[in-house]
Amino acid sequence: MKPKSISEIREIFLNYFKDKSHSFVPSSSLLPAGDPTLLFTTAGMVQFKPFFTGAVELPYTRATSCQKCLRTNDLEIVGRSERHCTFFEMLGNFSFGDYFKEEAIEYALDCSVNHLGFDKEKIWVTVYTDDDEAEKIWLDKGIPKERITRLGKKDNFWGPAGDSGACGPCSELYLDRGVEKGGPDCATSGTCKPGCDCDRFLEFWNIVFNQFNQDTEGNLHPLKQTGIDTGSGLERVGLLLQGVDSVYDTDELRKIISFFEELSGIQYSSENNVAFRVVTDHIRSVLFSIGDGIYPDRTGRGYVIRRLIRRASLFGRKLNFREPFLYKLVDKVIGIYQVRYPELAKNSASLKKTILAEEELFLKTLELGLEKIEVLVQKTKASGKNIFSGADAFLLYGTYGFPAEMTEEIVAEHDLSFDKKGFQEELENDRQFSRESWKVHKVSLMTGLDVEKTEFLGYSSIFEKGNITHLFYDNKPTSVLKEGQKGAVALNKTPFYPEGGGQVGDTGFLRFGKNVFKVLDTQKENDVIIHFGEVLNGEFSTGQELEAEVEPLRRERLRFHHSGTHLLNGALRNLLGDHVLQKGSVVSPEYLRFDFSHPSALTHEEIRKIESWVNESIRKDFAVETKELAIDEAKKTGAVATFGEKYGDKVRVVQMGDASVEFCGGTHVTHTGEIGYFFIKKESSPGAGNRRIEGVCGPAVIETFQNRFAELTEAVQNLNLKIKSELGDEGKNLWITSEIPGPTEIREKLEKEGASAVTFFRDLSETIALKIEENTSLFLKAKKSFESRDFENNSSVIESVFASAIQTSAGKILSATFEDKDPSSLKGLSDNLKVREKNLLVILGSKSSESASVVITCSPELTSKGIHCGNLVKAACTTLGGKGGGKPDMAQGGGKEIQNLDSAIISAVNEAKQILSGERV
């Protein structure tokens with residue numbers, strides 16, 4: 001039989017389950033929707049987590065999918081293992097309260113043998129250690145007992161995906177690949193079976209019998225409806241059906257390897273297969289992640305993607321790649337997957353740009369870092385130690401950009417362990433070289449020196465050449481700055497923007513041959529631009545001509561936010577009035593902050609109008625024109641000046657159509673359309689008479705909405721689960737069933753619709769947040785009502801109160817005290833007690849942390865016997881330090897002295913006893 005391609009396997013699986021009445025559900029994003037506990041989508045069931053827990057209305061009870069997944073928990077063995085990938089596609093079939101073990105096992109065996117073509121005689125299965133039911137089903141389906149293995153929780157209990165969610169015991173299908181694939185002892189021992197660490201038995205299908213919901217505390221709660229979650233790795237199934245040695249030899253991954261062979265001029269072989277596999281795996285992970293809007297960054301998800309790019313760059317050196325190379329394969333890799341994932345082709349230009357920028361950023365220090373790590377490894381060994389220190393790892397991280405995990409992997413090749421705790425301590429103590437420390441001294445660096453004005457060339461370029469005019473070490477002038485020294489460099493010409501006008505300073509690199517200076521901050525003293533940082537390699541001396549290069553993606557985000565700040569200022573002056581004056585601003589890569597004079601907080605409608613005005617100006621794509629004019633001529637243009645800013649004889653005027661004209665020395669976009677979109681995150685007050693707006697532009701808007709809707713999704717699901725758990729079907733009308741957009745939908749809508757999508761998502765997020773607030777309040781009221789009803793009608797409570805009865809000649813006196821019951825609940829219980837018998841006087845009390853309540857009622861017959869509930873309550877409430885009253889047959893009251901509740905009730909009982917016994921008139 002001809003081996004099946006990966007695409008054919010995928011279609012066979014999905015069509016099989018479609019024929020079994022399963023709804024096909026497209027793959028969700030690698031960015032999980034509504035689950036902050038997960039960095040990435042790690043399994044096919046992630047998008048169905050609320051279906052299993054019952055937190056949403058079910059649109060169907062059976063589903064099948066082929067889900068994009070990303071896992072990096074075994075990253076260090078990716079490339080060395082035959083079957084591990086970071087990115088993979090997971091075939092799955094799911095049941096939500098529909099079928100369970102019997103059908104799931106039948107489907108798995110039938111699809112595997114009769115449709116995919118696995119040899120039934122070579123299939124072994126595992127079941128959870130005490131799952132007799134699953135074993136019996138397998139036996140009934142023709143799998144002999146000797147090919148069924150029981151494994152414990154580590155192997156055969158799956159989930160949840162993340163910190164909480166559905167989970168349960170599982171049963172896995174393995175293929176026996178032959179004794180020759182076993183370990184050295186497996187053939188002779190005769191005990192090799194699934195669970196062995198060798199490669200003989202390879203798992204290709206996992207059926208999870210979801211029976212529990214695990215909370216964030218790790219507690220298991222039985223699910224009200226059981227479910228099935230199947231995972232079958234597409235690449236691994238391909239490995240087995242195509243009869244190849246590793247997933248990297250399957251048709252699609254082998255095609256990517258051939259691209260790298262062509263690009264490198266090196267043939268894939270057993271000597272270099274690890275490097276080929278790593279770059280092949282990582283280009284897929286990076287491509288799909290960035291395609292789903294997960295961009296390289298310093299923390300969180302972005303850090304993982306940056307780490308993958310850097311690891312690929314490191315292994316690429318083993319294939320003679322010394323220049324950026326991953327980005328060159330983007331179009332070819334997209335060609336393999338664009339039929340299944342057409343969104344990749346739409347973003348190919350952006351994908352290449354982002355990957356290239358990341359490769360270039362790391363390659364600037366990779367060579368130096370590798371040399372440094374070699375020195376540090378030899379130093380460690382020479383000192384007789386076998387642990388690579390956390391301080392050295394932090395040096396490689398902070399200075400050369402080596403992720404700690406990558407350093408750990410490299411030093412392991414030198415038989416050294418890694419001081420994780422020491423690295424974390426270094427990270428906490430001094431995460432990076434602090435530019436704040438320079439601010440204390442920078443104003444005095446140039447004092448007494450012969451200085452020339454630095455020519456700033458950064459408006460048109462981020463790469464220029466310039467000569468060193470001054471060097472500083474330990475805040476003093478020096479003629480030489482050496483490797484490892486932190487210092488400052490002044491140039492006669494530079495593309496680096498110095499902090500000013502609210503915009504933070506640029507970062508990047510200065511180079512002279514192999515000599516490298518890493519710029520961590522740029523400042524300006526008088527007319528001299530000073531670059532602060534550290535010498536990574538070689539040394540620098542005054543007079544040298546350097547190549548100066550600004551970090552590009554960071555500068556791009558600064559441009560978005562600075563131009564967005566100008567448009568915001570224009571919106572405020574146009575919509576609020578000319579009294580608006582800028583009082584301060586911050587322009588960073590992550591956000592913008594703008595302080596302005598205005599006497600009152602902005603209304604919701606004003607915020608909407610301001611935001612829409614800015615987005616409309618972005619949509620109009622105004623050309624951003626700059627002119628350098630004499631100060632008097634510049635003032636005639638009507639340009640807005642920043643309050644308190646000092647201007648020279650000549651100023652730079654930045655104009656954006658009819659939306660904004662300002663004095664500004666900062667860096668900007670060339671057309672407003674480049675900004676993409678603008679969103680106001682927060683409006684507040686930094687002080688009397690002033691207001692503050694914090695906002696984001698461009699990609700940061702996408703990230704903001706993705707995070708916001710993920711939080712809302714989680715909040716909705718948690719509320720629905722609470723309502724379902726505590727109110728049952730009677731609370732169905734309080735469920736929130738709003739369709740909340742996922743990460744991919746958010747990104748695509750913003751990219752397609754721009755400004756209108758910002759307004760749509762703002763309105764939608766506010767509507768959902770308000771609905772959550774309203775329904776939470778209604779739920780708490782309903783819960784209280786339910787609790788009261790359950791309390792009032794509780795037979796055990798009624799019997800307990802009757803057990804306290806005091807018999808008098810005129811009737812019975814019932815009394816009891818409770819915790820946290822309101823007067824209405826006490827009244828309801830009292831009514832139910834009086835239904836049971838005539839001639840009852842009921843005296844009930846309850847206390848909370850703040851107050852106590854008393855309710856006294858009686859049968860009508862007892863009022864003629866001298867009982868007046870109002871008088872009894874008044875006396876009781878005096879004891880409580882409060883007051884109360886009412887009619888002869890019903891009264892209530894309360895007080896703050898909760899410690900006296902018991903004595904108040906006893907006092908009322910004794911007085912009533914005297915009245916009903918005829919001892920008082």
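Along the sequence shown, residues are numbered consecutively beginning with 1. Computed over heavy atoms, backbone and side chain alike; hydrogens, waters and symmetry mates excluded.
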Please lay out, stage by stage, how V56 and F51 fare under the test side chain to side chain contact (heavy atoms under 4.5 Å, CB included). CA-CA 6 Å; V56 297; F51 288 38; 3.6 Å; yes

Pairwise ring pair (Phe, Tyr, Trp, His ring centres under 6.0 Å) hits with a residue in residues 769-802, at least two apart: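 Qualifying pairs: F791-F818.
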
Might you point out which heavy atoms bring [X] and [Y] nearest each other, and give the distance in Å?
{"X": "S824", "Y": "E792", "answer": "O-OE2, 3.8 Å"}
{"X": "N793", "Y": "N832", "answer": "OD1-ND2, 3.1 Å"}
{"X": "G168", "Y": "F212", "answer": "CA-CD1, 4.3 Å"}
{"X": "S585", "Y": "F594", "answer": "CB-CD1, 4.1 Å"}
{"X": "P823", "Y": "V855", "answer": "O-CG2, 3.8 Å"}
{"X": "F48", "Y": "S65", "answer": "CE1-OG, 4.2 Å"}

For the pair [X] (side chain) and [Y] (backbone), establish whether a donor and an acceptor sit closer than 3.5 Å, ignoring hydrogens and angles.
{"X": "S765", "Y": "F761", "value": "yes"}
{"X": "S685", "Y": "N690", "value": "yes"}
{"X": "S830", "Y": "L826", "value": "no"}
{"X": "S588", "Y": "E590", "value": "yes"}
{"X": "T878", "Y": "K874", "value": "yes"}
{"X": "N210", "Y": "C167", "value": "yes"}
{"X": "T808", "Y": "K913", "value": "no"}
{"X": "S597", "Y": "L581", "value": "yes"}
{"X": "T565", "Y": "H561", "value": "yes"}
{"X": "S804", "Y": "S815", "value": "yes"}

List for me each residue that meets salt bridge (Lys or Arg N to Asp or Glu O under 4.0 Å) alongside K896, sequence neighbours excluded, and say none if there are none. none

Partner residues of R593 under the salt bridge (Lys or Arg N to Asp or Glu O under 4.0 Å) criterion, sequence neighbours left out: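 Result, salt bridge (Lys or Arg N to Asp or Glu O under 4.0 Å) vs R593: none returned.
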
In Å, rounded to the nearest 0.5 Å, how long is the span from [atom1] of [X] to [atom2] of [Y]?
{"X": "L778", "Y": "L734", "atom1": "CG", "atom2": "CG", "value": "6.0 Å"}
{"X": "L916", "Y": "I806", "atom1": "CG", "atom2": "CD1", "value": "10.5 Å"}
{"X": "L568", "Y": "Q582", "atom1": "CG", "atom2": "CD", "value": "9.5 Å"}
{"X": "I856", "Y": "I843", "atom1": "CD1", "atom2": "CD1", "value": "5.0 Å"}
{"X": "R608", "Y": "T603", "atom1": "CZ", "atom2": "OG1", "value": "10.5 Å"}
{"X": "N900", "Y": "I905", "atom1": "CG", "atom2": "CD1", "value": "11.5 Å"}

Would you indicate whether the side-chain heavy atoms of [Y] and [X] approach each other to under 4.5 Å?
{"X": "P741", "Y": "L764", "result": "yes"}
{"X": "Y591", "Y": "V586", "result": "yes"}
{"X": "L427", "Y": "Q424", "result": "yes"}
{"X": "L575", "Y": "E606", "result": "no"}
{"X": "K847", "Y": "E819", "result": "yes"}
{"X": "T857", "Y": "K827", "result": "yes"}
{"X": "T863", "Y": "C858", "result": "yes"}
{"X": "D131", "Y": "K101", "result": "yes"}

Side chain to side chain contact (heavy atoms under 4.5 Å, CB included) between Q47 and T41, worked out: CA-CA 8 Å; Q47 67 171 314; T41 298; over 6 Å; no

Exceeds 12 heavy-atom contacts within 6.0 angstrom, atom CD of E774: yes

If you draw a 6.0 Å radius around CD in E850, do more than 12 non-hydrogen atoms from other residues or ligands fall strictly inside?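 Incorrect, the count does not exceed 12.
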
Taking the inter-plane angle between the rings of F679 and F705 on a 0 to 90° scale, is it parallel (under 30°), tilted (30 to 60°) or perpendicular (over 60°)? tilted

Aromatic rings F96 and F52: how do their planes relate, parallel, tilted or perpendicular, breaks at 30° and 60°?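 Ring orientation, 0 to 90° scale: perpendicular.
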
Quick one: salt bridge (Lys or Arg N to Asp or Glu O under 4.0 Å) pairs with a partner in residues 795-815, sequence neighbours left out? E799-R836, K812-E837

Can you tell me which residue pairs pass the salt bridge (Lys or Arg N to Asp or Glu O under 4.0 Å) test with a partner in residues 720-731, sequence neighbours excluded?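 Every salt bridge (Lys or Arg N to Asp or Glu O under 4.0 Å) pair that includes a residue of residues 720-731, provided the two are not neighbours, is E726-K783, E730-R789.
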
Between E753 and K749, is there a side-chain N and carboxylate O pair less than 4.0 Å apart? yes

Under 3.5 Å, is there a donor-acceptor pair linking the side chains of N615 and S612? no

Those residues at least two apart in sequence (or on a different chain) that pass side-chain hydrogen bond (donor to acceptor under 3.5 Å, both in side chains) with D820 are none

By the definition side chain to side chain contact (heavy atoms under 4.5 Å, CB included), identify the one residue from R691, H579, R573 that meets it with F596. R691

Kindly determine whether N871 and E911 satisfy side chain to side chain contact (heavy atoms under 4.5 Å, CB included), including the steps that lead there. CA-CA 10 Å; N871 294 336; E911 184 173 353; 5.8 Å; no

Test log, rule side chain to side chain contact (heavy atoms under 4.5 Å, CB included), inputs Q717 and T53: CA-CA 9 Å; Q717 291 175 6; T53 60; 5.9 Å; no

